[in-house]
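Here is the structure we will look at.
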Amino acid sequence: MSSSAGAGTDTVAALARRGLVKQTTGAEALGRLLGEREVTFYLGIDPTGPSLHAGHLVGLLAMAHLQRAGHRPVLLIGGATARVGDPSDKDDMRPLLPVETVSRNAALMQRQVGRFIDLERTVIVDNAAWLADLGYLDFLRDIGRHFSVNRMLSFEAYRRRLQTGLSFLEFNYLLLQAYDYLVLHREHGCRLQIGGDDQWANILAGVDLIRRVEQAEAHALTWPLVTTADGKKMGKTAAGALFLDPERVSPYQFYQYWINVPDADVAALLALLTLLPDEEVAELGRLRDQEIMAAKERLAMELTGMVHGPEEAAGARETSRALFGGRGDRHGERDSMPGATLPAAELEPGIPVADLFARTSLCASKSDARRLIQQGGARINDTRLTRVEETIGLGDVRGGELVLRAGKKRFFRFLVQ
RNA sequence: GGGGAGAUUCCCGAGUGGCCAAAGGGGGCAGACUGUAAAUCUGUUGGCAAAGCCUUCGCAGGUUCGAAUCCUGCUCUCCCCA
């Protein structure tokens, strides 16, 4: 047990200060346990998508905190449960995923998780190992008998779904997750499961199952579901989820997401999603008005650094400063701005601006490009375009490139060759 | 299995024969104001060779000069009963 992390009885309190605690199976009992010994705990992630996204960050940070406090993480990849779908917090049924997709996703996720916790000291398991070949009759007899349908139906998660429809398949998710916990308890001595508060019922089901079957005590800890101050789901961008995979969301875009977070969320996010010391979080959280940009920059740096590495983070910061800060040189933008090459031959006769914009990710269609220009949102090399009919030729190229811009924040670079 | 309701543009939701590329709201995008924030105001939000043309109201046919709207079949969803 490390003594530096303020471990001991106030591990729970430390997590709570970070906003990482919503419910536990008893702060005192859990705190005592965490203070007394190295505790094996687990977090389950279902590999339903091709990449982890911002919504997974809280769990990864919670894991990181606990590992630093001297506890032993087990990462459960829900290779089997991903194919069922958790009905909690969902209005609709998930599509069933093919096996190959799930295992590919699982492999990608492990890599991303390694940024947050020390995989050398982490046990990684896939519940397909014990769920895939589970006999239905055995499961019903050994596990199913411990569950009361009456009680399950009273859970909030199910009650809501009863309005819209809930398949038997989804209804069983809770049993499977409870069984996971039991297996991990038996095989790895797992005594704590952590998760988002939407997992509370599922986790408790496991706690109960372990008590009944093993007569042993197991614990649960959930964190609040994160929403932004304006009530939206965190980590959702207009384009979709904020993925951790740089192929899907570039480090620059990732950085930009965090620097654009609403003022009202900054303090909470610093606590929740960084490993900065409490005092520093408090200090940054006090900044207001224009000064708050410093706190946002710190938040973006910390997160981008953790997810993509310090160099990428620094690059994203430089680009952002160059683009949004004072004028000056714009070398940093080169690596992170979306772009394409453009043969000089095409520019020779001149290209109508609307066509040029329509070819980029800035505009969905030519009509879209026309609208952009008509509304004064289109620029090339910092010059606002006013007429749709205008054409761009070789004479407009600056330093071998054309920088197109839509609105304040969206850029695209053509390298002219 | 029986009875009922429904499927409209990114989402919700109006529209029951022409005035409908389709009200209104949400979301998105852009402009103003700012701090790359929020709030607010304004514009915009199917595509194109653009005062015009083409594609879109679950799918496939049909009636009609004309269909999101009427008819037939199909698919799917929800509700009530079993």
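Chain letters run A, B, ... following the sequence lines, proteins first and then strands; every chain starts at 1.
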When the [atom1] atoms of [N] and [M] are considered, how many whole Å apart are they?
N: B:G47; M: B:G3; atom1: P; answer: 45 Å
N: B:G46; M: B:A68; atom1: C1'; answer: 16 Å
N: B:C10; M: B:G1; atom1: P; answer: 35 Å
N: B:C19; M: B:A67; atom1: C1'; answer: 15 Å

Residues in residues 345-365 of chain A with a heavy atom under 4.0 Å of RNA chain B, by number, are A:S365

The complete set of ring pair (Phe, Tyr, Trp, His ring centres under 6.0 Å) pairs with one or both residues in residues 366-389 of chain A, sequence neighbours excluded, reads none

Quick note, ring pair (Phe, Tyr, Trp, His ring centres under 6.0 Å) partners involving residues 287-315 of chain A, not counting sequence neighbours, are A:F254-A:H308

Only distances under 3.5 Å count here; give the side-chain donor-acceptor pairs of residues 273-281 of chain A to other protein atoms, sequence neighbours excluded, each with its distance to 0.1 Å.
unit_1 : atom_1 : unit_2 : atom_2 : d
A:T274 : OG1    : A:L270 : O      : 2.5
A:T274 : OG1    : A:L276 : N      : 3.4
A:D278 : OD1    : A:R18  : NE     : 3.0
A:D278 : OD1    : A:R18  : NH2    : 3.4
A:D278 : OD2    : A:R17  : NE     : 2.8
A:D278 : OD2    : A:R17  : NH2    : 3.4
A:E280 : OE2    : A:R298 : NH1    : 2.4
A:E280 : OE2    : A:R298 : NH2    : 3.4

If you count every heavy atom of other residues, nucleotides or ligands that lies below 6.0 Å from A:E389 atom CD, does the total exceed 12? yes

Evaluate whether atom CG of A:D133 has more than 12 neighbouring non-hydrogen atoms of other residues, nucleotides or ligands under 6.0 angstrom away.
no

Taken in chain and number order and not counting sequence neighbours, the residues that satisfy side-chain hydrogen bond (donor to acceptor under 3.5 Å, both in side chains) with A:Q374 are none

Which residues pass the ring pair (Phe, Tyr, Trp, His ring centres under 6.0 Å) test with [X], not counting sequence neighbours?
X: A:F41; value: none
X: A:F147; value: none
X: A:F357; value: none
X: A:H219; value: none

Reckon [X] has a side-chain N or O less than 4.0 Å from the OP1 or OP2 of [N]?
X: A:K409; N: B:A37; value: yes
X: A:R370; N: B:C48; value: no
X: A:K296; N: B:G35; value: no

Atom pair distance, as rounded to whole Å: [atom1] in [X] and [atom2] in [N]:
X: A:W258; N: B:A37; atom1: CH2; atom2: P; answer: 17 Å
X: A:L372; N: B:G31; atom1: CG; atom2: P; answer: 8 Å
X: A:L287; N: B:G35; atom1: CG; atom2: C1'; answer: 13 Å
X: A:D289; N: B:A39; atom1: CG; atom2: P; answer: 16 Å
X: A:R405; N: B:C29; atom1: CZ; atom2: P; answer: 15 Å

Residue pairs passing the salt bridge (Lys or Arg N to Asp or Glu O under 4.0 Å) test with at least one member in residues 343-362 of chain A, sequence neighbours excluded, are A:E346-A:R359, A:D355-A:K366

Mind listing the N/O atom pairs, protein and nucleotides 22-24 of chain B, below 3.5 Å?
none

Inset, instruction - Test for a donor-acceptor pair under 3.5 Å between the base of B:U34 and the side chain of A:Q290, counting only N and O atoms. - result: no

Produce the list of close N/O pairs, under 3.5 Å, pairing protein atoms with atoms of nucleotides 43-45 of chain B; give distances to one decimal.
unit_1 : atom_1 : unit_2 : atom_2 : d
B:G43  : N2     : A:Q375 : OE1    : 3.1
B:G43  : N2     : A:Q375 : NE2    : 3.0
B:G43  : N3     : A:Q375 : OE1    : 2.9
B:U44  : O4'    : A:Q375 : OE1    : 3.2

Base, sugar-phosphate alone, or nothing: which one does A:R384 contact when heavy atoms must sit under 4.0 Å apart? sugar-phosphate

